[in-house]
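Being a predicted model, the structure only gives us computed values, none of them experimental. Computation of the quantities below employed the complete heavy-atom set of this structure, encompassing side-chain atoms and omitting hydrogens, waters and symmetry-equivalent molecules.
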Protein chains: 2
Amino acid sequence: MRTTERCSLRDRKRAETTARIEAAAVELVLRDGPDAATVDAISDRAGISPRTFFNYFDSKDSAILGIQPDGGDELVLEERLAAGHEGEDPVVVLVGVVAGVLRTGSGASSRLRRDREAIIRRHPEILGSQLASLSARKTRLLEYAARILSGDVRFPDDADADARAGIVLAMCVAAVKAAFDEWARSAAPVDPQIEERAVALIHTTLRSLV
Amino acid sequence: MRTTERCSLRDRKRAETTARIEAAAVELVLRDGPDAATVDAISDRAGISPRTFFNYFDSKDSAILGIQPDGGDELVLEERLAAGHEGEDPVVVLVGVVAGVLRTGSGASSRLRRDREAIIRRHPEILGSQLASLSARKTRLLEYAARILSGDVRFPDDADADARAGIVLAMCVAAVKAAFDEWARSAAPVDPQIEERAVALIHTTLRSLV
DNA sequence: ATGCGGTCCTGCAAGTTTGCATTACTGCAT
DNA sequence: ATGCAGTAATGCAAACTTGCAGGACCGCAT
């Protein structure tokens, strides 16, 4: 649960404010569309100042999708890394991480999750722009990608390791985006298949390329 | 030459204004840094209103690097496509196109080109953010990628063709970015090698992946 | 309970970017 | 030369985003 994280008053307040912002953002987008859901309006509804909004989220879109700023996914990532990906296909791991970042807020209520699904369906641009800034802003993600690749025997540990990590990460992001787009177009079921679909897309692409 | 494109007065004026904006942007960035080079300052120096600035370029950074808005690279792309890429490796073609978009302004004076090199070296973030928005905003690029891939026998022509095009394009963009980063770090020579380097990076990555 | 150090919230101002409406200019036909 | 239609330039306002500075609040030691 997101609302009773760790017992300090400060932490509780932060969690509550975060939840209020996410709820406000999602409700306003569903009710009035993404253009009418301005930062001012969201902040108003969440009971904070617009300046404070940006202390909680990097952008309007991040708030809508519930993507915590850089430090927030720390947990998700460490978790996945700790979950021993030894011998696993780095592509599978990375696709999982990328999809996981998009799901930072998935500890939230099922109501929120359902609403977000609807939003992504109706306004795919939002997810698109967020995915675009993923590979750009999230240096951390790149570090993790490099770390994962360095744990794979197939990848040499030379000076180009970082460059390769960037390339593989970009591939994974693009695949996740493609999988989401497909899911958004067809009135399909829910997400767990999305990661598998992304991996499958990468594999067929690679098979064609080589 | 960019300043004597097609003889209509209108076209000449447009070309001249474009050139003035690019020159102003580059000079200001070199003199005062990217933060001090505001849109207002650039527009002032170019003798236009700040609003007009955005009729010529999509963003401050695009102006600095001389990247024309979506329609601008039409020519570059058509040219490359016309130059018969039959039987050529789609990766090579795409890397060329991506690098080409970054060089839209390369018809400009050699002075401008040298200054831009210096800017990219000193402020790599600019190139980074531009590359990030490439795969996001440039729908056209994606279309071309799909077209190129559809011309290659190895790629099936099924429903996933667009998804695969997105993945390959993302790979190429990431590779070009990596190649540029490398070039920016080492006090290396000039650009023609960058495309080859990007292709090489992709190939070693693929070899490791499969 | 009080006070201290650190964190958080807020207002303000600057900068980027876009939409809309108004005005000016170019290209072309008369 | 004149006028018309389309295109370009501009001003204006709104929205997003970030840095800075002042004040409020929380956690903790005394």
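Distance check, rounded to the nearest 0.5 Å: CD1 of B:Ile67 to CD of B:Glu22 gives 10.0 Å. For the atom pair CG of A:Leu206 and CZ of B:Arg164, the computed distance is 11.0 Å after rounding to the nearest 0.5 Å. Note: A:Thr52 OG1 to A:Phe57 CZ = 13.0 Å, rounded to the nearest 0.5 Å. In this structure, the separation between CG on A:Leu201 and CE on A:Met171 is 10.5 Å, given to the nearest 0.5 Å. Taking CZ of B:Phe155 as the reference point, atom CG of B:Leu149 lies at 4.0 Å (rounded to 0.5 Å). Here CD1 of B:Ile120 is found 10.5 Å from CD of B:Gln130. Values are rounded to the nearest 0.5 Å.
C:dC12 atom C1' lies 10 Å from atom CZ of A:Arg51, rounded to whole Å. Atom-to-atom, CG of B:Asp11 to C1' of C:dC28 comes out at 15 Å; the value is rounded to the nearest Å. Remark: P of C:dC8 and CZ of A:Arg12 are 16 Å apart, rounded to the nearest angstrom. Rounding to whole angstrom units, CG of residue B:Leu28 and C1' of C:dG15 are separated by 15 Å. Rounded to an integer number of Å, the gap from A:Asp35 CG to C:dT18 P is 13 Å.
The salt bridge (Lys or Arg N to Asp or Glu O under 4.0 Å) search around B:Asp162 returns none, not counting sequence neighbours. Remark: B:Asp160 engages A:Arg197 in a salt bridge (Lys or Arg N to Asp or Glu O under 4.0 Å) (not counting sequence neighbours). B:Asp181 pairs by the salt bridge (Lys or Arg N to Asp or Glu O under 4.0 Å) definition with B:Lys177, not counting sequence neighbours.
Listed by residue number, the members of residues 36-49 of chain B with any heavy atom below 4.0 angstrom from DNA chain D are B:Ile48, B:Ser49. Of the residues in residues 53-63 of chain A, those with a non-hydrogen atom less than 4.0 angstrom from any atom of DNA chain C are A:Asn55, A:Tyr56.
For the pair A:Arg185 and A:Phe180, the cation-pi criterion (under 6.0 Å, within 45° of the ring axis) is not fulfilled.
Contact footprint of chain B on DNA chain D: nucleotides with an atom under 4.0 Å from a non-hydrogen protein atom, first to last in 5' to 3' order, D:dG6 to D:dC12.
For the pair A:Arg122 (side chain) and A:Gly33 (backbone), a donor-acceptor distance under 3.5 Å is absent.
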